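Below: one structure, written as C-alpha cells.
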Amino acid sequence: MDKDEPHVKRLRLPAMPPSTSDDDEGEMSPFAVSLDGRLQHGVSLEERLSRQRFTQSGGLAPAELQLRPSSFSSLGSTRIQLPAVQSRPGIVSCSPALSSSNVIEDKGSCSAAVRGMQEHIPIDTDSGPTGASQKFLTLPAEHIFSQADHVSPITYLAPNMPLVPINEGVPLVWEHFISHEPQQVIPSEDFQIFEDMYSNLEEITEGTESCYDAPENNPPEISVHTTSKDVSHLELFSNSCLSVQDSVVSILSFASSCRLSGTDFCKLLDPLHLLLPKPNNLPSSKHSAFSIFKNDNKPMNLIYYCSKCWKVRNSAHDKCDVCQKSTIKYFLVCSIVDQIKKMFTRPGFVEKLQYKYTRTKEHQDNIEDVYDSSIYKEAENSFLTDVFKISLTWYTDGVALFNCSSYSLWPFMFIINELPPEERFKEENLIIGGFWGDSCKPHPNLFLLPMYKEIKILKEGFPVSVYGEEHEVEVKGVVLFGTADVPAKASFMNMKGHSGYCSCPKCFIRGEKSAATGNVTVFPHVENLVLRNDTNYAECVKNAALRKSEDRGVFGPSLLSYISYSSFIQSISIDSMHCLGGLVKQLLRLWFDGKYSSEPFSLSTSTDKVNALLKELNLPHFVQRLPEDVTQLHFWKASLCRNFLLYIAIVVMKPFMKPDYYSNLCLLANGAALLHKSSITFSDITMADELLNQFSKTFEELYGVRHMSTNIHLLRHLASSVAECGNLCLTNCFKFEDLNGKLATLVHGTNHAALQIIKNLSVLSDLPLLVSGLQCEEAKSYCAKLKNPKYVSLTEKIDKHVHVVGEFDCITQHSASISELCISIFGKPVPFQTFSRIFKKKVLFVSSSYEKGSRVSSFCKYYASEGPVHGKILTFVKVLVEPPQYFAYVMQSDNEPLAFERHVVFSSLSEKTDFIPLRNLISVSWYLLVHDIPYLVDPLNPYEME
C-alpha cells in the first residue's frame, strides 16, 4: 500500500468456520484484492489471485479487501477475474463515493446494476440484512465464478456506515489483534466501528473458537501418565519396609535433582534391578514408573500460526495461502480452569486459601501483603468476598535454553494471591497459561487470546469438587496484578520499549535523545509527572488506531487490559529486581569503569581496595551469592545487586566516595529499604517517595543527564506501586525467575522444548505432593535432602519450626556462667548440654562457639527484658528437665546507632549477657566488619533471606 494514499480502507475478516453440512464443501476464504489492479507487496493482482490456496478441511484464513476511492471513477464496467472457486453467498458494501455513472455489468443470478447508490439492492436473503439502510453492490457473478449463483463474502466499511455482518456467527475481528507484524497497528479508520470493537471485546471474540482451539486432527493433550496397573501400594519386594511408591518417588526425586533425561532415568533403573532381590515390583521402564502420577486429564492445545502474517492455521501442514514461503509454527496453551479444579481436590488447599483471614499482622494499618494494597481492597469490596473467589498475578519472560541458539521459551504463568507467601510460588501451586517457544519474541495478542477466554470462564465461575466435600462448589477468579521485566512488559502492554520516547508504562514523560545524551534515550528529572490512567490510556489506543501509528508510546490495545480486573495501568507493578539490579550495575560501571576515570564520580583508583573489603566480608549463611569483583559485572546477579544496595554499600563505599555522591547513594539505599520492609507504614511510602525523587534529582546534577536511564526514572513510581500492589519483596520477579529456571530443567533435548516441559510438568507439580504423602519417614527425609542442596543435619526437633543442628557437647568455656543462670531459673543445679546451631523458620542460627566455616550467623536481634536488642550468640543450651527446655546464651550489644539509620555498631563494653528462650530470637543480623568496625544491620523481610 502506498504511504501517500491516506484514504485506503482496510479491514481484516476472520476465518470462516468449516462447514458441517454434507452438501457444502470447499468454501472459499476472503482474499485480498485491489479494484484498480495495482501492485501489492511487489505482486500483481493477477499473480496474487492465481496463488490462492484453500484447505481441504475448509478451515480458512483471514484476508482483507482494499478499496481505493480513487479507483471508483475509472472502474467503469470492468470485470475482475477471480479464481474459479466456490463461496458462500455474500455482499459487498460500498462507499457513497461511488458515482451514479459507475455501472457494473450484471451477467448472473445476482441482478441489478448500481445507479446513484440510492437504492437498497439485496443479493441474497441469507447473506445480509434486507430492508436495511446500507448500500450494497453486486459483483458480476458469472464472470467471477464458475458457479454463477455464488458471490464472494467480501465487505468494505465506508465512513459513517454501520457494521455489515457477513455470515451469522462469524464476527469481524479488528486487524490489530492478529497483525501482520509484531507491534504493528493497522486498524479500521472508521472511528465508530473501532470504538464499538474496543468497548465490546467479548462480543467480538465470540464465535471465533474455530480459529483458536486445537483442530480435531491434533492431539488435545499430551500426558506422561499411563493406564498401567497400579502397583504403587505393593511392597518393593517381600518383607521390604519400602512400598513401590516410596521407592519410585525417591528415585524420581533423585532424577529431578540431577536433571536426568528420560533416557538416563531408564539407565538408572537397570542397576537398581540388579541390586534388588528377585522377584521385586520396581518398575522396569519410565512408562510404568510414571504411572504413580494420577491422570489429571489436563488439556493442552497446540495453536498453529503463520510465521510471517501470524494467521492461525489448522495444522502444521496447513500452509498459509498468502505467505507462500512462510513456516508454520505453533505455541501451546493450557487450561487454567482445569488446573484450578485439580488444586481444589487436594487436601488442605481450601484451608490455605483462608490465609488472608487467619494471618497475624504486625501492625493493623500497615501494608504487609498484597491484601493491604489499594487494588486488592477495591476488588475485595466488589468481588473477592469469600474463600471460593480467588485472584491471580500474571508473569512472563523469556528463558534462554541453549547457549548456541537464539531460541527462547516464554512461559506465561499465574500464581494465586490468596495462598500464604511461602505457598504461592511452590511448583504444585503454579498455573501455566501457555508456552511460546521460538527464536523470535511472542506476538502478545495472538498468545493471550486463548488465555483471555479461560479468564472469562474463570470470572463467570465454574463448579469444582472440593476435597472432603460431597457437593460441588462454584469457584470464581480474576486477574488482579501482573509483573515482568521492562522489555516483556512493553511487549505485552503493546507499548514502546525502554529505549523509545514516551516508553514509561506509568507516566507520559517523553525523554530526550540527542548528541548531548550520546544519542541514547534518557529521561531527565521532571518535577510534576503526568500519570497514565485507564482513561487516557484508552484515548492513546484510539488515537493510535486512527493515526495508524503509536500515540504517546502506545501502539494499540493489549488483551492484558481486558484480562485485568482492576485498573490496567496501576495493576502492573514496577519490578524492583530488574529496576534496582540494573541501577546497581549502572552505578558500579560509573564508579569503576576506566573509561570514566576522568569524571568526578569515578572511583577507578580505589577498585582494588573496594574488592579487598568485599572479599573479607563474613556474611550470614542465608546469603547465597557473595560479592564479586566490581569490574566483573556479568557475575553480579540480581540478588547480589539487591544485597549490595540494601545492606553492604552504605558501609563499604563511605570511605571512598565524596560527600555529595555518598549522600546521593544513601538516598537510594534508604528509600529502597523502606519499600522492601515486611511491614510498611503509609509514612514509609511517603518518605520513600521523597528520598527516591531527591535521588533522581541530585543524580542528574552529579552524574549528568547522559546517565538518566529508564531505571532511574522508574524509581519515581516505586512508592506508588507499593501502595497499589503491595510490598516489593512479594511483587518482584525473584520467585518467578526461580520458577522459570525450574521449568527450564524439564528440557533435555533441543527439539520441541515446550512439548518436553508439558510432558514432564507433572514431575515438577505433583512430585512435591507425592513426597509429602510418603509413608516411610526415611524416604521422606531423603527426598527433602535432595530438594535442599544446603540441607543441614537436623538431630532433634524442638518444636514445629525449630530444630537442633549437629551434635551436643558437655564442655564449654561458659559452663560456670550457665550453671549459675540455671540455678537462678530452676532454683537448684540442673544438668544441661550445649550445642552450637539451630534451624529456626528455615534460617540457620550459628553460635560463636562453632569454629567451622567462614560465614558468621551468630549476631542476631532478639527480645530482651527491655525490648528488641542486638547481640552475639555465645552458645545454645538444652536443660535436662522434664520436659527439656532450650535457651540461647547471648552477649548483648550496646547498639551505637549511626547516621545511616538501619545500621548499628556492635559494642559489648558492658559485657551484659542474656539467657533467653529460643522463641525470643527474632532474626540473624548481617555482620559487616569494615576497617575493624563491626556493623550490624537487620534483614528487611523474611522472604528474601535466601
Side-chain angles (χ1 to χ4, degrees), residues 256-259 397 399 421-422 424-427 485 575-582 584-585 588 611 613-630 632-649 651-652 669 672-673 676 678 728-730 732-745 768 784-794 803 805-806 837-846 850 852-861 923-929 935-946:
S256 178
S257 66
C258 297
R259 303 183 183 183
D397 195 11
V399 182
E422 62 273 12
R424 269 171 224 169
F425 296 93
K426 286 187 175 180
E427 299 92 325
D485 64 8
D575 170 38
S576 62
M577 171 184 170
H578 293 94
C579 176
L580 295 177
V584 167
K585 287 189 176 183
L588 292 174
N611 282 332
L613 278 180
L614 293 176
K615 188 176 181 180
E616 292 172 358
L617 293 178
N618 298 315
L619 302 181
H621 287 79
F622 61 75
V623 179
Q624 290 187 0
R625 294 191 177 274
L626 298 178
E628 298 284 350
D629 189 316
V630 292
Q632 303 295 318
L633 295 183
H634 54 282
F635 293 126
W636 283 68
K637 303 302 182 182
S639 59
L640 173 55
C641 293
R642 176 197 63 200
N643 292 339
F644 178 79
L645 175 64
L646 299 180
Y647 304 105
I648 301 174
V651 295
V652 169
H676 276 82
S678 57
L728 293 182
C729 59
L730 294 172
N732 58 36
C733 291
F734 278 103
K735 296 294 185 180
F736 286 112
E737 298 265 343
D738 290 343
L739 290 172
N740 267 356
K742 292 177 180 177
L743 290 173
T745 63
K785 182 177 180 179
L786 289 173
K787 187 176 181 180
N788 184 6
K790 291 190 174 183
Y791 182 81
V792 292
S793 177
L794 306 179
H803 292 77
V805 178
R837 294 176 293 170
I838 65 168
F839 195 63
K840 181 179 180 180
K841 295 183 177 179
K842 299 183 180 181
V843 177
L844 188 65
F845 290 74
V846 181
Y850 188 75
K852 298 179 181 179
S854 59
R855 299 296 189 96
V856 176
S857 297
S858 56
F859 293 89
C860 66
K861 186 176 183 179
S923 66
V924 174
S925 298
W926 288 69
Y927 170 71
L928 306 169
L929 185 63
Y935 298 96
L936 299 182
V937 58
D938 298 324
L940 293 165
N941 60 77
Y943 310 113
E944 295 178 332
M945 298 177 67
E946 307 160 354

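As the structure is a prediction and not an experimental result, all values here were calculated from the model.
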With heavy-atom distances below 4.5 Å as the criterion, would you say the side chains of [X] and [Y] are in contact?
X      : Y      : answer
Ser639 : Phe734 : yes
Lys426 : Pro768 : no
Tyr943 : Leu730 : yes
Val623 : Trp926 : yes
Ser678 : Pro942 : yes
Leu614 : Val652 : yes
Leu613 : Leu617 : no
His621 : Val924 : no

Main chain of [Y], side chain of [X]: is a donor-acceptor contact present, judged purely on distance under 3.5 Å?
X      : Y      : value
Asn643 : Ile648 : no
Trp636 : Asp629 : yes
Arg642 : Ser576 : no
Asn740 : Val399 : no

Can you name the closest pair of heavy atoms from [X] and [Y] and give their distance?
X      : Y      : answer
Pro627 : Leu640 : CA-CD1, 3.7 Å
Ala672 : Leu645 : CB-CD2, 4.3 Å
Cys733 : Met577 : C-SD, 3.6 Å
Ser925 : Cys860 : OG-C, 3.5 Å

Within this structure, what is the [atom1]-[atom2] distance for the pair [X] and [Y], rounded to the nearest 0.5 Å?
X      : Y      : atom1 : atom2 : value
Cys579 : Asn732 : SG    : CG    : 11.0 Å
Phe845 : Lys840 : CZ    : NZ    : 6.0 Å
Ser857 : Ile838 : OG    : CD1   : 11.0 Å
Asp938 : Tyr647 : CG    : OH    : 9.0 Å
Lys585 : His634 : NZ    : NE2   : 9.5 Å
Leu929 : Leu936 : CG    : CG    : 10.5 Å

Leu844 and Arg855: CA distance, side-chain angles, deciding distance, side chain to side chain contact (heavy atoms under 4.5 Å, CB included) verdict: CA-CA 11 Å; Leu844 188 65; Arg855 299 296 189 96; over 6 Å; no

What orientation do Tyr927 and Phe859 show, parallel under 30°, tilted 30 to 60°, or perpendicular over 60°? parallel

With under 30° as parallel and over 60° as perpendicular, where do the rings of Phe736 and Phe425 fit, or are they tilted in between? perpendicular

Lys735 atom NZ: more than 12 heavy-atom contacts under 6.0 Å: no

Assess whether side chain to side chain contact (heavy atoms under 4.5 Å, CB included) is satisfied between Leu619 and Leu626, documenting all intermediate values. CA-CA 8 Å; Leu619 302 181; Leu626 298 178; 4.0 Å; yes

Start with the C-alpha gap between His676 and Leu580, add the side-chain angles, then the distance that decides, and say whether side chain to side chain contact (heavy atoms under 4.5 Å, CB included) holds. CA-CA 12 Å; His676 276 82; Leu580 295 177; 3.5 Å; yes

Take His578 and Glu737 through the test side chain to side chain contact (heavy atoms under 4.5 Å, CB included) and record every step on the way to the result. CA-CA 11 Å; His578 293 94; Glu737 298 265 343; 3.3 Å; yes

